[in-house]
Amino acid sequence: MTTSSLTTGPSWARLPRRHVPVLVTLALLLVMYSIGVSQYRAFSNVQVIFNIFIDYGFLLVVAVGMTFVILTGGIDLSVGSVVAMTAMVSAWLLQSGLPALLVLVIALLIGPALGFLMGCAIHFFDIQPFIVTLAGMFFARGMCTFISSSSIPITDGFWTTMAQHRIGDPRGNFVSIGVLITLAVVLVAAYVLAYTRLGRNVYAIGGNPQSALLMGLPVARTRIAVYTISGLCSAIGGILLSFYTLSGAPLIAVGMELDVIAAVVIGGTVLTGGSGYVFGTVLGVLVLGVIQALITFDGSLNSWWTKIVIGGLLFAFILFQRLIGIRYK
Amino acid sequence: MSERLKPILSHRLFWPLAVLAVMVVANTIYRPGFLAVEVNNGHLYGTPIDILRLSAPLILVGLGMTLVIATGGIDLSVGSICAISGAIACLHISEASDQNSLVTVFTALAMALGAALVLGAWNGVLVSVIGIQPIIATLILMVAGRGLAQLVTEGQIITINSGPYRAIGLGHFLTLPLAIFIALGAALLVAALTRRTALGMIIESVGGNREASRLAGIRSSRMVFLVYVVSAACAAVAGFMMTANVSSADGNNAGLWVELDAILAVVIGGTSLAGGRFYLSGTIVGALIIQTLTTTVYAMNISPQTALLFKAVVVIAVCLIQAPAFRAKFGRRGRGTPPPAAPAQPRQKEEVTA
Amino acid sequence: MTDSRPVLTMTGISKSFPGVRALHNVDFRLYPGEVHALMGENGAGKSTLIKVLTGVYGIDEGTITLGDEQVAFSGPMQASAAGVSTVYQEVNLCPNLSVAENIFIGREPRRLGAVRWGEVRRQARQLLTRLDLDIDVTAPVASYSLAVQQMVAIARAIDVQARVLILDEPTSSLDAGEVAQLFRVMRQLRDEGIAILFVTHFLDQVYGIADRITVLRNGTLVGEYPTAELPQLALVEKMIGKELDVLERIEEQPRRELAAVEGGTPFVAVSELGRKGAVAPFTLNIHAGEVVGLAGLLGSGRTEAARLFFGADRADRGEVAVNGTPTSLRSPIQAIEQGIGFCSENRRAEGIIPDLTVRENMILAMQAARGWLRPIPRRRQDELVEQYIKALSIRPANPDLPVRNLSGGNQQKVLLARWLITEPRLLILDEPTRGIDIGAKAEIQKLVVQLSDGGMAVLFISAELEEVLRLSHKVVVMRDREMVAQLDNDDTVDADRVMQTIASGSQREEANQ
Amino acid sequence: GNSDTGAGGGGGDDKIVLGFSQVGAESGWRTANTNSIKEAAAEAGIDLKFDDAQQKQENQIKAIRNYIQQKVDVIAFSPVVESGWDTVLKEAKDAGIPVILTDRAVDSADKSLYKTFLGSDFVKEGRLSGEWLVENSKDATGDVNIVELQGTTGSAPANDRKKGFGEAIAADPKLKVIASQSGDFTRAGGKQVMEQFLKAHPKIDVLFAHNDDMGLGALEAITAAGKVPGKDITIITIDAVKDGMQALADGKFNFIAECSPLLGPQLMDLAKKVHAGEEVPPRIETEETTFTQEQAKTALPNRKY
Ligand SMILES: Nc1ncnc2c1ncn2[C@@H]1O[C@H](COP(=O)(O)OP(=O)(O)OP(=O)(O)O)[C@@H](O)[C@H]1O
Ligand SMILES: Nc1ncnc2c1ncn2[C@@H]1O[C@H](COP(=O)(O)OP(=O)(O)OP(=O)(O)O)[C@@H](O)[C@H]1O
Ligand SMILES: [Mg+2]
Ligand SMILES: [Mg+2]
């Protein structure tokens with residue numbers, strides 16, 4: 001006796017349903033961009049978009065790491081401070097004369113190490129991620145001021161090249177090397193999430209951690225891995241930031257974690273975990289970038305109106321995203 | 001351990017209180033005068049009093065935050081709401097001809113509280129009606145709210161000179177700071193509202209499983225809406241205290257990062273960010289721990305450069321010592337009776353089936 | 001049939017939770033090539049024994065030997081790596097992932113480390129065909145009914161290359177057809193030499209498939225018996241520790257004639273009520289004191305129809321009249337105000353609030369109806385809770401225990417109590433006996449009869465057709481989300497007749513009145 | 001030429017377009033600074049494009065990049081931090097847009113990246129405060145105990161003011177900083193820290209606060225402790241905002257080193273000059289003074305902020 005099939009239509013018609021939130025976000029982003037173009041002539045320059053990638057590269061990398069964490073239903077508040085700490089440590093080590101490559105390696109190890117420890121505390125001692133990563137945030141920020149209370153400039157040749165090399169026509173449009181690194185990170189992350197067991201386990205844990213455990217999935221390993229990945233992404237982000245600013249400053253990237261979380265969530269990832277895409281996160285970051293660009297291009301807002309308008313645009317965006325998303329579901 | 005100690009040791013508040021005690025003891029060892037309280041101008045004066053007074057705003061914000069978190073939400077906008085309400089109140093008072101008039105002060109408070117309620121309702125609508133994720137819904141107001149506060153103050157610090165308003169932050173009653181009584185009163189009010197009525201259980205039920213609650217006949221959306229309004233109201237009163245404490249409204253700095261401290265207090269107090277059970281008393285102890293920690297940094301003269309490292313260490317220590325899993329692993333040194341093994345399960349998260 | 005050496009031996013197993021001794025010195029053996037039923041009342045410790053075995057819980061005392069080695073798994077991952085494949089009692093799948101992925105996650109076919117999605121889907125389809133289930137494997141598991149989810153979980157377990165297969169109440173929401181299919185697969189696996197541990201509360205299923213039976217009572221071992229040597233009555237006696245007479249009593253319980261309950265205005269009358277994509281419009285009257293049974297196959301839309309009655313989903317067409325006055329049921333609260341209660345089939349997602357205590361879970365609906373300002377006085381709570389703990393024999397009988405710590409069956413009883421406390425005029429019971437032991441099941445059936453005698457209307461849904469027929473005055477048959485027949489439950493109606501109706505489908509039988 | 005000015009440049013073609021990136025609106029001082037610049041721009045007929053970076057260096061860099069895209073005539077900004085500007089300043093240079101720094105300097109080795117710096121010298125402010133203290137405690141017998149309220153840890157004004165003050169008081173071994181803690185530049189912070197200072201140290205002679213606001217907060221703590229500010233404890237602060245000046249005039253503060261936010265007119269002047277291609281000095285310090293209690297009484301009535 002066969003149970004009746006109740007599928008609601010051919011599978012191609014249903015497939016995009018999962019992608020509706022991302023598509024809606026993309027459409028709204030384009031709408032917002034065209035508003036910018038219609039209002040400000042220079043907005044249509046390709047370089048404006050390139051600049052968003054240059055300026056938001058490190059944020060995007062960090063947001064990719066955060067996507068992993070949020071997909072498991074966790075949260076990582078330490079990212080901003082880890083970014084700052086990585087930049088600070090690099091600047092400090094370079095200042096003390098270590099070779100660039102060694103500095104790079106050390107700097108790239110600190111973030112994941114801290115992430116690993118936080119992941120262990122979260123998993124083995126069953127402490128809420130919020131609080132563990134908050135402690136991580138205090139720690140990393142404390143390390144920054146501990147290393148030096150003022151900013152340290154970087155003069156190393158390798159760093160300068162990475163910072164100032166322009167790919168593209170030097171007079172026309174260009175991107176920085178950082179942008180390429182960013183794109184590489186995005187692609188690798190998207191691949192890992194979609195095509196590897198680790199990636200799928202991340203989604204499973206986000207869906208229901210208890211079920212994932214009972215289904216025999218490596219919950220411990222995956223949990224710890226996502227915080228380590230987030231730490232690694234923050235470290236890469238920190239390096240990119242140090243390319244970007246050619247310095248380590250103790251107070252840089254304060255409050256960045258909120259921007260990062262906002263970008264991830266705007267990109268359609270659900271905070272309770274289990275659903276979302278890296279591509280959505282890219283869109284989320286672009287949304288923040290376009291909002292910021294709109295504000296600078298306008299150039300007539302005073303300080304408080306800037307904040308109110310940022311909040312207002314964010315609200316309008318999310319509202320439309322939500323309303324249109326519901327309609328198409 | 002002796003049988004008599006067991007119920008005490010297993011009480012929810014035991015470990016947070018123990019941490020608090022350890023911090024106080026450490027301070028007293030460092031500076032024996034730490035606990036000294038003297039009478040000054042007819043008021044009690046001393047570090048413990050300071051801690052109580054300064055933690056009052058945090059307790060208030062924490063109370064509202066506890067309810068929000070109990071429904072599985074989060075409210076990042078409380079800091080901005082503190083700033084806005086403080087700014088509105090101070091602006092109104094500063095424009096009045098007689099700043100000391102009680103009528104003026106009460107109008108100012110009413111206006112500011114009204115504005116805060118509107119903002120809370122805004123948050124509530126975004127979360128419960130439109131269905132935006134709480135963190136992002138309240139982030140909007142967190143960003144824009146600072147702007148609103150500065151719009152009110154026009155970016156300046158509004159200094160006022162109003163005795164009655166000052167009293168909210170600095171006044172005394174029965175030799176103790178009035179702020180303590182306000183916070184305590186609010187705590188009792190919230191506790192009565194939630195524990196004397198069925199509200200607390202209903203909120204916990206919504207936080208524990210929203211769909212199941214809806215099917216049991218609870219108006220889940222209405223509850224969610226309500227907690228954001230309450231949270232905003234608590235934040236508004238906290239904002240009055242913060243501004244009254246320095247007799248001035250600073251749109252940019254008032255209540256800056258208080259949301260993080262409040263969430264931390266709630267979590268230290270034993271409420272899970274996933275929602276469900278909430279513990280008001282835990283939040284109060286959590287707020288006291290955080291304020292004591294800040295004061296310790298000042299009192300022990302820890303250099304600003306390392307202050308954050310110190311905080312990190314204490315926070316992680318507080319969490320570890322509270323975590324049953326940690327105690328189970330490292331606490332069973334003694335051969336005696338092994339404590340019952342905690343189930344090796346992660347905190348259960350309810351399945352969200354579409 | 002059975003080998004001489006057990007593949008799995010558990011000796012002297014003890015396990016305590018704070019305040020509860022779940023297992024005490026239990027021995028258990030499992031031979032290759034046998035189906036071994038683990039029996040016991042709700043809360044006897046069956047699930048705990050399984051979880052101790054697979055390492056979900058640590059053991060307090062005792063040893064486990066798998067093959068020739070002594071083992072102590074640190075968790076399900078290790079257990080399944082060692083060849084112990086388990087379907088746990090509550091459906092444990094990831095609701096956000098697709099059916100195919102749920103079946104294969106953790107052991108997806110890969111090439112160079114990359115998951116081969118096409119292959120995953122193909123194999124998933126194949127596997128489900130083996131269970132005779134034809135569904136879209138790319139849809140998220142959450143979009144399917146509980147029964148389908150249960151089948152998916154089973155599919156996941158039987159695909160593993162396992163030595164030991166454990167099925168903890170896999171059949172609780174399946175109907176006869178699915179069960180037969182599952183048994184076919186189980187026999188096949190058994191013949192391949194796999195040892196199968198099977199938990200169920202359906203005695204006929206035990207006698208249909210099990211080779212041997214181990215009985216637990218109150219966390220202790222009662223004994224191990226070959227099925228052939230243990231007659232049903234003896235088994236029941238061993239499980240509950242005393243002779244059971246309710247079972248017989250319910251059989252001869254005289255059901256009032258339909259005519260006696262019908263007549264006058266129906267309590268709820270719906271006409272052409274429907275919801276696009278869920279249930280086709282249907283018309284149905286339910287009178288006070290009437291038990292209406294909903295029969296149909298898995299996914300036939302019984303649950304969806306019931307949800308419309310309760311306002312859990314909004315109907316997009318049709319009319320509802322309660323006591324003759326037209327109303328709309330747009331939300332559960334409105335339904336509750338009209339005196340309707342709904343006990344969901346999905347107790348984990350839509351039923352229990354895991355953190356709250358038994359007491360709070362029980363009074364929740366009543367409290368919600370009273371509004372938050374009027375808390376139920378503590379004394380009244382105590383009375384009510386105590387009354388229903390006793391009536392439904394909920395164990396442990398401690399009202400202040402978080403409900404998450406109760407065994408599955410006992411959680412179900414708590415939910416039932418939640419609605420009984422509200423004294424509804426129409427109670428919708430969607431699979432109320434799911435996972436409930438035979439003693440309690442008989443109690444519940446008795447209760448339904450009593451309540452309907454007392455004037456309560458009941459809409460009764462169960463995967464067990466016999467149960468529906470035994471209790472209902474009227475049987476509504478559903479098929480493909482459509483109401484195809486309403487049968488007066490008189491002597492002419494029996495299981496075969498209903499099955500026939502389901503099979504022949506569209507031909508609408510004369511609806512009574 | 002500015003014939004190619006991007007859209008949003010507004011106004012007539014002959015107007016100079018100045019892109020200005022402000023740190024934020026974190027204090028009354030900063031708001032006064034912003035207002036001064038806006039007013040001066042309007043007066044000077046300069047088309048001002050204003051951006052608030054909300055205390056984030058990244059935002060400032062983004063703003064400068066956007067100004068380059070919009071092809072503004074002159075870019076001016078108050079850097080949030082000293083380092084990290086080379087890359088974007090190079091881009092500006094390549095685009096042929098002159099840059100003016102205001103308020104805070106950058107530590108770039110390549111001085112050709114910007115035309116000039118206009119602003120105050122934080123180290124000097126600290127030093128002036130220290131020198132006044134050295135001068136006024138000549139007669140003191142025994143140690144003079146100083147407590148310091150630092151600005152936000154790691155920020156340039158905090159670092160520099162601490163440094164300048166430290167250098168100046170090194171001249172007199174009697175002067176001892178017995179406690180130094182961050183009050184985050186806010187009144188609430190200053191008050192809370194001062195409360196603890198007062199309890200931990202029975203004898204405090206001098207308070208040095210990195211800005212007026214912290215000093216004002218500390219005032220409350222001192223009063224609550226039953227001490228008389230300005231008499232029992234000598235108070236030195238920096239900034240000279242209105243409330244601070246009032247306190248000074250009232251005798252509650254003893255000394256303020258000014259840090260003037262009124263850069264607007266000077267900035268517009270400079271913008272016109274660099275746009276016209278004139279040479280400007282590489283470093284212009286704003287005219288700043290110091291105030292004692294008497295000076296404050298005379299200056300107070302005509303303070304603008
Ligand atoms: N995590 C837990 N914490 C505390 N007590 C528990 C826990 N899990 C189970 N128990 C208790 O252990 C006992 C045995 O429960 P178990 O789930 O094994 O019963 P069961 O035989 O599977 O019953 P059912 O037929 O209802 O599924 C029950 O009394 C239950 O309350
Ligand atoms: N055999 C199936 N094939 C496809 N979809 C199914 C099948 N069974 C159930 N579903 C899905 O399950 C959902 C719910 O069906 P519903 O719960 O109303 O059925 P039911 O008659 O209560 O059956 P059950 O016995 O499974 O509870 C439907 O939306 C349908 O998509
Ligand atoms: Mg069980
Ligand atoms: Mg059903």
Side-chain angles (χ1 to χ4, degrees), chain A residues 73 75 77 81 121 123-132 134-146 148-149 205 207-211 213 219 223 250 255 258 261-262 265-266 270-274 302-312 314-315 318-319 321-323 326, chain B residues 72 74 76 126 130-137 139-152 154-155 251 257 260 263-264 267-268 272-274 304-316 318-320 322-326 329 342 344-352:
Chain A
I75 200 150
L77 294 181
S81 305
H123 184 80
F124 291 116
F125 302 137
D126 200 8
I127 314 177
Q128 302 193 39
F130 185 93
I131 203 168
V132 173
L134 189 69
M137 167 181 165
F138 287 156
F139 174 80
R141 186 65 66 186
M143 281 310 287
C144 290
T145 44
F146 184 70
S148 162
S149 64
I205 291 175
N208 188 334
Q210 217 189 353
S211 292
L213 186 83
V219 175
R223 271 256 185 85
L258 285 180
I261 294 170
V265 174
I266 291 171
V270 184
L271 264 182
T272 43
N302 70 18
S303 303
W304 33 98
W305 277 110
T306 302
K307 290 179 189 160
I308 298 173
V309 170
I310 291 181
L314 207 57
F315 167 68
I318 293 164
L319 184 71
Q321 191 184 30
R322 175 90 197 133
L323 295 183
I326 288 176
Chain B
I74 202 154
L76 294 182
L126 291 197
I130 306 183
I132 300 176
Q133 298 188 49
I135 201 168
I136 205 87
L139 182 78
I140 293 171
L141 194 54
M142 177 186 182
V143 175
R146 284 273 156 219
L148 286 175
Q150 285 181 303
L151 185 69
V152 173
E154 296 190 316
W257 301 124
L260 281 190
I263 298 170
L264 190 58
V267 174
I268 289 178
S272 158
L273 277 172
Q305 277 76 20
T306 46
L308 275 174
L309 288 180
F310 174 77
K311 265 192 160 176
V313 171
V314 175
V315 167
I316 206 71
V318 172
C319 303
L320 282 181
Q322 274 206 73
F326 179 80
K329 278 197 179 97
Q345 273 171 290
R347 262 196 92 76
Q348 181 161 338
K349 182 180 132 191
E350 256 325 289
E351 184 175 355
V352 205

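Labels below follow one simple rule: chain letters A, B, ... track the order of the sequence lines, proteins then strands, and each chain is numbered from 1. Computation of the quantities below employed the complete heavy-atom set of this structure, encompassing side-chain atoms and omitting hydrogens, waters and symmetry-equivalent molecules.
- Neither the backbone nor the side chain of L141(B) comes within contact range of chain A, judged by heavy atoms closer than 4.5 Å.
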_Working for side chain to side chain contact (heavy atoms under 4.5 Å, CB included), residues F326(B) and I127(A)_ = CA-CA 9 Å; F326(B) 179 80; I127(A) 314 177; over 6 Å; no
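- A 6.0 Å sphere centred on CZ of F310(B) holds more than 12 heavy atoms belonging to other residues, nucleotides or ligands.
- The backbone N or O of L271(A) sits less than 3.5 Å from a side-chain atom of Q133(B), completing a donor-acceptor pair.
- Put simply, the residue from I136(B), I140(B), V143(B) that forms a side chain to side chain contact (heavy atoms under 4.5 Å, CB included) with F315(A) is I140(B).
- Contact count against chain A (heavy-atom pairs under 4.5 Å) is highest for I263(B) among V313(B), V314(B), I268(B), I263(B).
- Closest of all the heavy-atom pairs between A262(A) and L139(B) is CB-CD2, 3.4 Å.
- Smallest separation of non-hydrogen atoms from A325(B) and F124(A): CB-O, 3.5 Å.
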_Go through it in stages, so that I can follow the logic: the residues are I75(A) and I135(B), the test is side chain to side chain contact (heavy atoms under 4.5 Å, CB included), and I'd like the CA-CA distance, side-chain angles, deciding distance and then a yes or no._
CA-CA 11 Å; I75(A) 200 150; I135(B) 201 168; 4.1 Å; yes
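- Between I130(B) and R322(A) the shortest heavy-atom distance is O-NE, 2.6 Å.
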_Please evaluate residues W304(A) and L148(B) with respect to the criterion side chain to side chain contact (heavy atoms under 4.5 Å, CB included), reporting the C-alpha separation (whole Å), side-chain torsions for both, the decisive distance (0.1 Å), and the verdict._
CA-CA 7 Å; W304(A) 33 98; L148(B) 286 175; over 6 Å; no
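- Looking at I131(A), both its backbone and its side chain come within 4.5 Å of chain B, counting heavy atoms on both sides.
- Residue contact with chain B, scored on non-hydrogen atoms closer than 4.5 Å, is absent for V309(A).
- Of the listed residues (I261(A), L77(A), I310(A), V270(A)), the greatest number of heavy-atom pairs within a distance under 4.5 Å of chain B belongs to V270(A).
- A donor-acceptor pair is defined here as one N or O able to donate and one able to accept, closer than 3.5 Å; no such pair exists between the side chain of R141(A) and the backbone of L308(B).
- Across all non-hydrogen atoms, the minimal contact from A312(B) to A135(A) is CB-O, 3.4 Å.
- Proximity to chain B (any heavy atom under 4.5 Å) is restricted, for L134(A), to the side chain, taken from C-beta onward.
- In this structure, N302(A) CG and E154(B) CD are separated by 9.5 Å, a value rounded to the nearest 0.5 Å.
- For the pair L309(B) and F138(A), the minimum side-chain heavy-atom distance is 4.5 Å or more.
- The main-chain N or O of L273(B) is found under 3.5 Å from a side-chain atom of Q128(A) such that the two form a donor-acceptor pair.
- Chain A forms the most heavy-atom pairs under 4.5 Å with one residue out of V318(B), I316(B), V267(B), and that residue is V267(B).
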